[in-house]
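Worksheet: the structure to be examined is printed underneath.
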Amino acid sequence: QVQLVESGGGLVQAGGSLILSCPASGRTSSTRRTGWFRQIPGKEREFVASIRWSSDATYYADSVKGRFTISRDNAKNTVYLRMNSLKPEDTAVYYCAAQMSVTYEYWGQGTQVTVSS
């Protein structure tokens with residue numbers, strides 16, 4: 001069992017920054033990847049960024065490349081998403097997820113990010 005709790009969302013003006021945190025607890029030793037996803041009401045959930053725990057390799061959606069940075073702190077067992085140069089279209093509920101086998105099996109409850117123009 002793995003538990004994920006996202007935090008750090010809020011209201012920010014366009015061009016501003018936010019840092020999202022995703023600490024993990026439980027049986028996390030076999031985690032392969034941790035990813036960030038987002039969902040706008042009425043639209044499909046989309047991939048934002050991920051990090052591989054074995055190699056630290058990172059991956060980003062084209063829409064956030066150069067603006068968002070995913071990182072991890074092994075001591076705290078926490079993954080972060082730093083979001084810079086935020087745009088109104090970044091407004092969404094952001095979810096943290098952990099992949100243990102072939103899918104992202106564990107998900108957090110989501111944190112709302114709202115970017116005003």
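Being a predicted model, the structure only gives us computed values, none of them experimental. All values below come from the heavy atoms of this structure, side chains included, with hydrogens, waters and symmetry mates left out.
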Just checking R67: does its CZ atom have more than 12 heavy atoms from other residues, nucleotides or ligands closer to it than 6.0 angstrom? yes
Distance (rounded to the nearest 0.5 Å) between N77 CG and S25 OG: 8.5 Å
May I ask you to check whether W36 and F47 place their ring centres under 6.0 Å from each other? no
Any Lys/Arg nitrogen of D62 or K65 sitting under 4.0 Å from an Asp/Glu carboxylate oxygen of the other? yes
What is the minimum heavy-atom distance between T34 and C96, and which atoms define it? CG2-SG, 3.6 Å
How about D56 and R72: do any of their side-chain heavy atoms sit closer than 4.5 Å? yes
Between the CD atom in E46 and the CZ atom in R38, the distance rounded to the nearest 0.5 Å is 4.5 Å
Check: E89 main-chain N/O paired with T91 side-chain donor or acceptor under 3.5 Å: no
At their closest point, which heavy atom of A98 faces which heavy atom of T31, and how far apart are they? CB-CG2, 4.4 Å
Do M83 and V113 make a side-chain contact, defined as non-hydrogen atoms from C-beta onward lying under 4.5 Å apart? yes
Scan residues 56-100 for pairs that pass ring-ring contact (aromatic ring centres under 6.0 Å, His included), counting only residues two or more places apart or in two chains. none
Starting from V64, can I reach L18 by hopping between I/L/V/M/F/W/Y residues whose side chains sit under 4.5 Å apart? yes
Residues two or more places apart in sequence or in another chain: which of them pass side-chain hydrogen bond (donor to acceptor under 3.5 Å, both in side chains) with K43? none
Kindly give the heavy-atom pair with the smallest separation between T111 and G9, and that separation in Å. OG1-N, 3.2 Å
So which atom in S117 and which in A14 form the shortest heavy-atom distance, rounded to 0.1 Å? CA-CB, 4.4 Å
Of all heavy-atom pairs between A49 and L81, which one has the smallest distance, and what is that distance? CB-CD1, 4.2 Å
Are V12 and T114 close enough that some pair of their side-chain heavy atoms sits under 4.5 Å apart? no
Would you mind reporting whether S50 and Y104 have side-chain heavy atoms less than 4.5 Å apart? yes
Indicate the atoms forming the closest heavy-atom contact of S17 with N84, along with that distance. OG-OD1, 2.8 Å
Determine yes or no for a side-chain-to-main-chain donor-acceptor pair under 3.5 angstrom, with Q109 supplying the side chain and E6 the backbone. yes
Can you tell me how far apart CZ (R27) and OH (Y106) are? Round to the nearest 0.5 Å. 8.5 Å
Same cluster or not: are V2 and I70 linked, directly or through other Ile, Leu, Val, Met, Phe, Trp or Tyr residues, by side-chain heavy atoms under 4.5 angstrom apart? no
Hey, what do you get for CZ (R33) to OG1 (T103), rounding to the nearest 0.5 Å? 11.5 Å
Rounded to the nearest 0.5 Å, how far does CG of L20 lie from SG of C22? 9.5 Å
